[in-house]
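Notes follow the structure.
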2 protein chains.
Amino acid sequence: MGKNGVRLKDIAAKANVSVGTVDRVLHNRGRVAEDVRQKVLRMMQELDYEPNLLARTLGANRSYRLAVLHPDHTLDPYWEAPWLGIEKAARELKAYGVSVLSFPYALTQVASFRQQAQAATEAQPDGILVAPLFYRESLAFFTAWQQAQIPYVLFNTHIAEAQALSYVGQDSYQSGVLAGKLLQLGQPAPATFLIAHIGEDIANAVHVAEKERGFRDYFAQLATDPAQGTYTLRRLDLPDPTDPAFARQLTTLLDETPQQLQGIFVSTSKAYEIAPYLQAYHRESLRLVGYDLLEKNLHFLHENVIDFLINQNPKKQGYRGLYALADQLVFKKEVASIKNLPLDIITKENVHYYLDK
Amino acid sequence: MGKNGVRLKDIAAKANVSVGTVDRVLHNRGRVAEDVRQKVLRMMQELDYEPNLLARTLGANRSYRLAVLHPDHTLDPYWEAPWLGIEKAARELKAYGVSVLSFPYALTQVASFRQQAQAATEAQPDGILVAPLFYRESLAFFTAWQQAQIPYVLFNTHIAEAQALSYVGQDSYQSGVLAGKLLQLGQPAPATFLIAHIGEDIANAVHVAEKERGFRDYFAQLATDPAQGTYTLRRLDLPDPTDPAFARQLTTLLDETPQQLQGIFVSTSKAYEIAPYLQAYHRESLRLVGYDLLEKNLHFLHENVIDFLINQNPKKQGYRGLYALADQLVFKKEVASIKNLPLDIITKENVHYYLDK
DNA sequence: TTATTTTGCGTGTGCGCACACATTTTTTCT
DNA sequence: AGAAAAAATGTGTGCGCACACGCAAAATAA
């Protein structure tokens, strides 16, 4: 017996058959007498056989092509991180015969998504990892992939009815709840809080809408406690920051805003677009909560303009997403249908330990 | 060329030598002419050769015995988690020929530590993973292991002068800083905060002392801002909770305490020992910050008695600790001398996503 | 019965690499 | 110069497994 575990050979010897036979029962290839089959199975149990994954992969000599359908990371800084995670996973999985095809799309353009999704489909990969930012347009492709029997994993944006193999990412709703808590903590009522969306088409962006729902529910929950005073919530839909309307709307807010405005929750990773205005208006004490450890956000975190960031673990999303496919295809493991990554609370004091990784 | 990457064979062909020669340069086994060596190296570069780890491990057919010297997890709930992480890593690494020997010691008894450390040393393992709770007693063993050329990795407790291959765990100092921030947030001066140690021999417990230092430094830093009022810090050394003196000291504190006592920071995972007293005295509004997601802590977190927990990621400490040894021995990777795990801030709203994993 | 198919099982090769050993070439010594 | 030693290089086997193939015995058909 090998230094380090039971081998097919050991089972074969113990059952008085050849390794070929053991292999056949192991893989249900048939062509083995029932009584022998039972005996082999018994021996495998007795010896507590576990296949050597290294040898298996090496011997099988199979390869898997995985397609990744993701926003182009050269167009938006947030999307670098998931891609880094995907690349890391790809490196590790290379030895297992996994290769990755990238299909980047422009994250604001539906047509680009549709086109790249089409290309990914036509590449006939063994599995697909996708960030389905566009709700409506995604559904058709899900159907196509089901038809083609291609397993697909979602990340970043959860679409419950997608029938995907798995979803990897945050619970957007609960992250909204948490944002509410972080704004409210230590700020007694009465007070006003704002939720700001930047350049989002809320109707077609599931996970941003979910954040808002969680945010509102946190305060709704608080309101059930009669001892609490009343909090007021406002919402502001801002256009793309390059649009002159962006500055106009924001300065209007800060000019006319009631003194009670105690905090702003930015529903995306773009808190850094708002922070400069707070500095300009000397409203740094106003609590600002946003998402993700982008360079620019970190800057304002250290300047005490941004108070909290919720880390969406984008790198891990990519990493785990690809692994979910590999677990299914290569390692034949059970894959959980939802892998919720933690809602990391980031402050100036602990941010250091979340960088790089 | 193989479906999926360059093989030794490919390099050999391109350099007009045999695989044996390539192998020799790859492993610096010597016995190869300098010009040939250079040529082979060049070819490896050109083809961007990366050894197939699976084949390497399989072919080498080596095995590694790793010893783990850790507090007995049947004696203290905290220490279950690191052990789970170690077991998980052990399962994954089994295929790579790694086996794990466990040397549990009683976490309050120096003699037990000494004895098990001795046993671990005598087992002559290929590597050692150790939680060096006892500062003085550990040092002697570090020397012994260096002499025996056995690489060792520290977790949980960082001993800078240990000359260890790596440390995996938190930055205790910074976790104290963070605890300070979490207590102070939204609680204006004047106010009093307490740091409570439970059943610890501070003089011989490095990482608890570091937590206190960080905690105090946070407020020292605040004091440099003249706009801030004054915060008062107190310290309480409590005996083991089974000791009647524990209840006595705690009730005395709550009886006689000035109204300004606004928060308590428990320096270990035993916040749940203090929480019941706060409930009994109806002082739940007093902010309580502790460590780790133990059952009992979670209970009081949900009851709003504990406000924040700092997650020490104990499971990951074990997991990464073992992997640090494997990275060194099996995978021949560079191992960072410090692997600081993040300081997760846990509240009722995000705790769910940190459980299990 | 003999010829043919089916079923049950064993054998052999290759995956990419490590490592021991055999063989060839070069250097050194007498 | 030839012999011996040393250096440089090639060859072969095994790691545990998957998978194709081949061969025997049993079942079926002619």
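Below, chain A is the first sequence line, B the second, and so on; all start at residue 1. Quick caveat, the model's predicted, so the values are computed rather than measured.
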Quickly work out the [X] [atom1] to [N] [atom2] distance and round it to whole Å.
{"X": "B:Leu54", "N": "D:dC15", "atom1": "CG", "atom2": "P", "result": "18 Å"}
{"X": "A:Arg29", "N": "C:dC9", "atom1": "CZ", "atom2": "C1'", "result": "14 Å"}
{"X": "B:Lys94", "N": "D:dG16", "atom1": "NZ", "atom2": "C1'", "result": "14 Å"}
{"X": "A:Asn16", "N": "C:dG8", "atom1": "CG", "atom2": "P", "result": "19 Å"}
{"X": "A:Ile11", "N": "D:dC17", "atom1": "CD1", "atom2": "C1'", "result": "12 Å"}
{"X": "B:Asp35", "N": "D:dA7", "atom1": "CG", "atom2": "P", "result": "16 Å"}
{"X": "B:Asn28", "N": "C:dA18", "atom1": "CG", "atom2": "C1'", "result": "15 Å"}
{"X": "A:Met44", "N": "D:dG16", "atom1": "CE", "atom2": "P", "result": "17 Å"}

Output the single nucleotide from [options] whose closest atom is nearest the side chain of [X].
{"X": "A:Ala33", "options": "C:dA20, C:dG16, C:dC9", "answer": "C:dC9"}
{"X": "B:Leu8", "options": "C:dC9, D:dT9, C:dC17", "answer": "C:dC17"}
{"X": "A:Asn61", "options": "C:dG8, D:dA18, C:dC15", "answer": "C:dC15"}
{"X": "B:Thr21", "options": "C:dA18, D:dA18, D:dT9", "answer": "D:dT9"}
{"X": "B:Ser18", "options": "C:dC9, D:dG10, C:dT7", "answer": "D:dG10"}

Could you label the plane-to-plane angle of the [X] and [Y] rings as parallel, tilted or perpendicular, counting under 30° as parallel and over 60° as perpendicular?
{"X": "B:Phe141", "Y": "B:Phe113", "value": "perpendicular"}
{"X": "B:Trp79", "Y": "B:Phe155", "value": "perpendicular"}
{"X": "B:Phe331", "Y": "B:Tyr96", "value": "perpendicular"}

Report yes if at least one side-chain N or O of [X] is closer than 4.0 Å to OP1 or OP2 of [N]; otherwise report no.
{"X": "B:Tyr49", "N": "C:dC17", "result": "yes"}
{"X": "B:Arg56", "N": "C:dG16", "result": "no"}
{"X": "A:His27", "N": "D:dC19", "result": "no"}
{"X": "A:Arg24", "N": "C:dC9", "result": "no"}

Is [X] touching bases, backbone alone, or none of the nucleic acid, heavy atoms closer than 4.0 Å?
{"X": "A:Arg31", "answer": "base"}
{"X": "A:Leu58", "answer": "base"}
{"X": "A:Asp23", "answer": "base"}

Discussion item. With hydrogens left out and only the distance checked, is there a donor-acceptor pair under 3.5 Å joining A:Arg37's side chain and the base of C:dG8?
Written reply: no
Worksheet item: Does any donor atom in the side chain of B:Tyr353 or A:Gln170 lie under 3.5 Å from an acceptor atom in the other side chain?
Response: no
Fill in: Atom pair NZ/CZ of A:Lys39 and A:Arg42 - distance to nearest 0.5 Å
8.0 Å
Fill in: Nearest-0.5 Å distance that lies between atom NZ in A:Lys315 and atom CD1 in A:Ile86
12.0 Å
